[in-house]
Amino acid sequence: TRYLVGGDACKECPTFGAAMGKLVGLALGVCVACGLAAWAYSVQRQSWREKPCVGPSLRLADRAAVYYVGIGATAKIKILIGFLQMAFVLVSTYSARLPDMLARRA
């Protein structure tokens, strides 16, 4: 089997085992990273914020998370990603062109 790359070339699909291996590896990596972050956050929560080398970064991350949630950035980012996905395949799928102003940015 083959799949379309860039709208004009076909590429051989990876085997089922290779695709599943990549997905399982990615999922395990994300789980391990989240688990390590949760463990580190719960073990020494207060003392890490007081350390001069790590504390400012953690306080900045806390402020950034509050700001991110406060402005509703998740929905805005989802809309932006959806638009970009549509804009990148517009030419190859529908033979349509974006206006020049938008095409330069996409």
Side-chain angles (χ1 to χ4, degrees):
T1 60
R2 297 180 175 273
Y3 65 97
L4 191 61
V5 178
D8 58 354
C10 289
K11 189 174 179 182
E12 191 70 30
C13 290
T15 63
F16 180 75
M20 287 306 294
K22 288 179 183 178
L23 286 173
V24 168
L26 179 65
L28 285 175
V30 168
C31 289
V32 168
C34 289
L36 285 173
W39 172 79
Y41 189 74
S42 67
V43 171
Q44 296 182 347
R45 185 174 180 177
Q46 292 301 328
S47 63
W48 281 15
R49 280 174 169 59
E50 295 168 0
K51 290 183 180 181
C53 60
V54 181
S57 301
L58 289 176
R59 288 190 297 274
L60 178 64
D62 288 340
R63 283 189 224 118
V66 168
Y67 182 71
Y68 178 86
V69 170
I71 65 169
T74 302
K76 292 173 178 69
I77 290 174
K78 285 181 180 181
I79 292 169
L80 176 65
I81 289 172
F83 172 76
L84 291 175
Q85 287 175 333
M86 182 274 315
F88 286 135
V89 298
L90 191 64
V91 174
S92 62
T93 305
Y94 300 109
S95 296
R97 300 268 182 227
L98 287 173
D100 289 335
M101 184 180 76
L102 292 175
R104 279 184 260 126
R105 294 182 183 171

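Computation of the quantities below employed the complete heavy-atom set of this structure, encompassing side-chain atoms and omitting hydrogens, waters and symmetry-equivalent molecules.
The OG atom of Ser57 sits 11.0 Å away from atom CG of Asp62, with the distance rounded to the nearest 0.5 Å. Put simply, CD1 on Ile81 and CE on Met86 are 14.0 Å apart, with the number rounded to the nearest 0.5 Å. Distance check, rounded to the nearest 0.5 Å: CG of Leu23 to CG of Leu28 gives 11.0 Å.
No path of Ile, Leu, Val, Met, Phe, Trp and Tyr side chains, each step under 4.5 Å between heavy atoms, connects Ile71 with Leu80, placing them in separate hydrophobic clusters.
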